[in-house]
Amino acid sequence: MNVIDIHALTKKYRGNKAIHHLTLQIEENKITGLIGRNGAGKTTLLKMMAGFIKPSSGSVAVFGRNPFNNIQVSANMISIDDKMIFPTALNLAEVLKGAESFYPNWNKELAEGLFQYFTLDPKKYHNELSKGMKSTFNLIIGIASRCALTILDEPTSGMDSAVRKDFYRAILKDYIEYPRTIIMSSHLLSEVEDILEDILLIKDGQLKLHKPVEEMKELAIGLRGKTELIDQLIKDKEVIHRKSVGVAVSYVVVENTFLPARLEEAKDQGIELLPVSADDLCIYLTNKTVGGIDDVFSKH
Ligand SMILES: Nc1ncnc2c1ncn2[C@@H]1O[C@H](COP(=O)(O)OP(=O)(O)OP(=O)(O)O)[C@@H](O)[C@H]1O
């Protein structure tokens with residue numbers, strides 16, 4: 001069953017398209033990573049899934065319903081981001097207590113365990129917390145609420161690296177015990193890759209790729225060798241990434257649609273065949289240009 005069904009979705013802000021004609025589905029009980037660079041449209045897309053903002057055109061269905069102002073959708077969903085605000089009169093312990101009565105699947109032991117592990121002070125107020133501590137508290141609520149649809153928009157923003165790692169592990173462990181649909185946005189795949197099943201990559205509001213992480217690893221190939229030979233090998237291929245490596249030597253990344261015999265031949269010609277990680281592939285696919293930062297320097 002699809003929890004999310006999006007068709008020809010567009011969101012414009014003052015005429016500028018933040019999301020552009022997006023069509024996709026997200027299956028039940030999967031962890032999907034929404035990956036994209038700054039300004040790619042991740043938050044806008046997640047807000048439309050959560051029913052917080054209206055599309056300009058196209059449709060979003062969550063559990064088969066339009067999520068905008070829909071009580072049935074919001075009863076089964078939680079959306080966590082770094083702009084969350086809580087009642088200022090309540091301290092953290094009181095907010096947790098409130099969440100317990102609000103979310104039907106709330107896991108009290110887990111919430112308290114995480115709260116103690118991350119040494120949050122129950123007497124403190126949310127608006128007194130540091131950026132990383134706010135994210136920590138928000139994510140405890142996001143995990144412990146165990147909602148059928150859990151939307152996490154850059155959930156670890158401001159956390160230090162050790163806390164981020166602990167949280168990714170916590171998300172995965174709790175998901176294994178209690179599967180649900182989790183959509184988590186991030187700039188960088190490398191951090192979250194291990195806990196994801198699917199990757200949804202967007203660039204400039206458009207869908208670049210939606211695939212299982214495992215398939216991503218096989219999708220592209222890196223080729224390094226004499227520029228002349230490389231150009232011959234890839235002449236009918238779309239270049240995903242290219243850079244010069246010294247004089248007359250190039251490294252290119254292309255979709256791996258070669259016949260095995262052709263790759264063997266390339267190897268015999270001295271071309272190196274290199275794997276391309278899912279993380280690097282996402283970076284190349286979302287770069288504004290085919291070259292990298294080196295291009296900026298080589299032009300000056
Ligand atoms: N309320 C708004 N009014 C006008 N433009 C907006 C608004 N919100 C977002 N945008 C624009 O829409 C585009 C997508 O923004 P969005 O915040 O969805 O991207 P993002 O992928 O979440 O970025 P980041 O990773 O930097 O948080 C950007 O060009 C942004 O400037």
Side-chain angles (χ1 to χ4, degrees), residues 4-24 26 31-62 66-69 77-85 130-132 134-139 142 149-161 163-164 167-168 171 181-193 195-196 198-211 213 216 278-289 292-293:
I4 309 265
D5 218 319
I6 287 178
H7 186 71
L9 185 68
T10 295
K11 177 70 188 178
K12 289 186 206 163
Y13 292 113
R14 277 178 264 114
N16 296 320
K17 283 180 184 152
I19 291 295
H20 182 47
H21 209 77
L22 216 73
T23 295
L24 60 93
I26 293 178
I31 308 187
T32 300
L34 175 60
I35 311 292
R37 308 290 280 265
N38 287 131
K42 302 180 295 296
T43 298
T44 305
L45 178 59
L46 293 178
K47 277 186 179 166
M48 286 191 281
M49 288 180 187
F52 297 162
I53 56 171
K54 263 186 171 174
S56 304
S57 59
S59 63
V60 186
V62 178
N66 179 351
F68 190 75
N69 275 340
M77 185 210 71
I78 188 162
S79 175
I80 300 293
D81 63 45
D82 61 2
K83 291 178 193 65
M84 289 180 83
I85 35 175
S130 71
K131 195 168 187 293
K134 270 186 191 148
S135 294
T136 300
F137 183 75
N138 298 352
L139 199 42
L149 173 60
T150 300
I151 294 178
L152 308 172
D153 189 3
E154 296 280 353
T156 58
S157 107
M159 289 179 189
D160 65 43
S161 152
V163 176
R164 287 205 302 269
F167 259 117
Y168 294 133
I171 293 171
T181 306
I182 300 178
I183 305 170
M184 179 166 57
S185 75
S186 179
H187 296 107
L188 268 189
L189 182 58
S190 54
E191 282 222 339
V192 288
E193 190 182 340
I195 71 164
L196 300 180
D198 282 2
I199 291 175
L200 193 63
L201 184 69
I202 61 169
K203 179 185 181 185
D204 301 331
Q206 287 177 293
L207 186 65
K208 280 298 273 184
L209 189 142
H210 187 185
K211 283 201 182 300
V213 179
M216 289 271 302
D279 182 37
D280 282 345
L281 182 59
C282 281
I283 292 171
Y284 300 149
L285 286 172
T286 52
N287 266 348
K288 300 278 176 204
T289 54
I293 189 78

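The analysis underlying the following values was restricted to heavy atoms, covering all of them including side chains, and did not include hydrogens, waters or symmetry mates. Counting starts at 1 for both ligands and their atoms, following the listed order.
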Distance-only side-chain donor-acceptor flag, [X] / [Y], under 3.5 Å:
| X | Y | answer |
| --- | --- | --- |
| Asp198 | Thr32 | no |
| Lys17 | Thr10 | no |
| His187 | Asn38 | yes |

Return a yes/no value for [X]: is any of its N or O atoms, backbone included, closer than 3.5 angstrom to an N or O of ligand 1?
| X | answer |
| --- | --- |
| Gly39 | yes |
| Glu154 | no |
| Ala40 | yes |

- Start with the C-alpha gap between Thr156 and Tyr168, add the side-chain angles, then the distance that decides, and say whether side chain to side chain donor-acceptor pair (under 3.5 Å) holds. CA-CA 9 Å; Thr156 58; Tyr168 294 133; 3.0 Å; yes

- So how far is it from Ile19 CD1 to Lys11 NZ, rounded to the nearest 0.5 Å? 10.5 Å

- d(Lys134 NZ, Leu139 CG) to nearest 0.5 Å is 15.5 Å

[atom]: which protein heavy atom is closest, and how many Å away?
| atom | result |
| --- | --- |
| atom 25 (O) of ligand 1 | Lys42 NZ, 2.7 Å |
| atom 12 (O) of ligand 1 | Ala18 CB, 3.3 Å |
| atom 1 (N) of ligand 1 | Tyr13 CE2, 3.7 Å |
| atom 27 (O) of ligand 1 | Thr43 OG1, 4.2 Å |
| atom 18 (O) of ligand 1 | Thr44 OG1, 2.5 Å |
| atom 26 (O) of ligand 1 | Asn38 ND2, 2.9 Å |

- Query: Do the non-hydrogen side-chain atoms of Leu34 and Asp153 ever get within less than 4.5 Å of each other?
  - Reply: no

Can a non-hydrogen atom of [X] be found less than 4.0 Å from any atom of ligand 1?
| X | answer |
| --- | --- |
| Gly41 | yes |
| Arg14 | yes |
| Arg37 | yes |

- Message: Ignoring hydrogens, what is the shortest heavy-atom contact between Ile35 and Lys42? Give both atom names and the distance.
- Response: C-CD, 4.1 Å

- Scanning both residues in full, the closest heavy-atom pair of Met216 with Cys282 reads CE-SG, 3.6 Å

- Task: Kindly indicate whether atom 20 (P) of ligand 1 is approached by any protein heavy atom to under 4.0 angstrom.
- Result: yes

- Item | Within-cutoff protein neighbour (heavy atom, under 4.0 Å) for atom 7 (C) of ligand 1 | yes

